[in-house]
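A short write-up of the structure that comes next.
Whatever order the structure lists ligands and atoms in, that order sets their numbers, starting from 1. Keep in mind that what you see is a predicted model, and the values were worked out from it rather than measured.
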Amino acid sequence: MTDLPIVYHSDYVAPLPQGHRFPMPKFRQLYELLLRNGVASVEQFQQPERPPRAWMELVHTAEYVQAYCDGTLDLKAQRRIGLPWSAALAQRTCVAVGGTVLTARLALRRMGLACNTAGGTHHAFPNYGSGFCIFNDLAIAARVLQSLGLAQKILIVDLDVHQGDGTAHIFQQDPHVFTFSMHCEVNFPGTKQHSDLDIPLPQGMEDEDYLKTLADNLPELLVDFRPDLVLYDAGVDPHLADRLGKLALTDTGLFRREMQVLGTCVAQGFPVACVIGGGYSDDLEALVYRHSLLHRAASDVYRQYKL
Ligand SMILES: [Zn+2]
C-alpha cells in the first residue's frame, strides 16, 4: 500500500440513460477493485468539485459550453458525441474535468505522480464533441494549470489507441504544449489532426514492437522538451481483446507500458498526472482489470521512487 493520490468521483455510479451502451459503470468498478485488491486505501481517494464554466471556456467556445451544460445542444451534435444528453451525464462530464485538473495539481504538489479513475476525452474539439468525448479534460487541465501559473510547459502523452485529434488541434499553434500521440493508423478518427509527434502504428501490432516504439521516442522527447508536467492518457484500447482497438497488446504488455511511461518520467524528475482513457469490452470485469494496471504500476513506481 502506498500514498499514491487517486482522484475518484462517486457520482460515476449514477444510472445510465436509456439505451446507453457505453460502459460507464466501469469507473465505480475500478474504484472498488483498487480497494478490494489493496492497490489503494479509501484515504488515498480525493473527490473533485464541479469546476466553474470559465475553466471549460479556456478551451471550448462559450456557446458550446453553455449549450451542453444547459441541455440545448442539437441532436446532430449529440449524435456526433455518441451519448444522449442527460443532466446526470452533464454533471459527471463536468466533474470529470475537475478530476483531471485535481489529478494534475496533486501530481505537481507531490512532485511526482497522481492518477484519475476517469478522464482522457481527447476527441473533444473547441466547438463540438465527438467519439464519446464532450469536454477535453486534458486540454482544460493544461490551460488551467498555465492560467494559475502552476506549469507552463506541458507534454501530453496519448497512448489511447485512437489519435488524440481534439487535443492535437487545440494545441497545434501552441509551443508550450507538446502533443504526442501513438495510435493505430487505420482506426478512428478517419481524419487525423497533426500532433507535434504522431506515431501511427500498423494494425495488429504486439507487445514487443509497441514497447520498443515507445522506448525509441519517449525518453528523447522528455529530454528535448523538458516539461513542467506530463499528462498521460493511458487508454487500454490497444489491448488485443478490445472491441474498438485493432492492436494486439496483452495485459502484461499494458502493465509494462505503464511501468515504462511512469518510470521514465519519474526517474528523470518529471511529474506525471494520469487519466484512464478509452477501453471497450463486453467483459466489464476484464476491462476494469485492464484499467487498474495503470494504478498498480503507479503504485509500484510511487513506492520505488519514495515519492
Ligand atoms: Zn480510444
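Atom OD2 is the N, O or S atom of D237 at the shortest distance from the Zn ion (ligand 1). Within H162, the N, O or S atom lying nearest to the Zn ion (ligand 1) carries the name ND1. The atom of D160 nearest to the Zn ion (ligand 1) is OD1, with the search restricted to N, O or S atoms.
Among the backbone and side-chain atoms of H122, no N/O/S atom is found under 2.8 Å from the Zn ion (ligand 1).
By the 30° and 60° cut-offs, the orientation of the rings of Y68 relative to W85 is perpendicular. Y31 and Y8 have parallel rings, their planes meeting at less than 30° on a 0 to 90° scale where 60° marks the start of perpendicular.
Residue Y232 forms a side-chain contact (heavy atoms from CB on, under 4.5 Å) with just one option from L294, D158, I156, V275, and that option is L294.
Q268 CD: more than 12 foreign heavy atoms inside a 6.0 Å radius.
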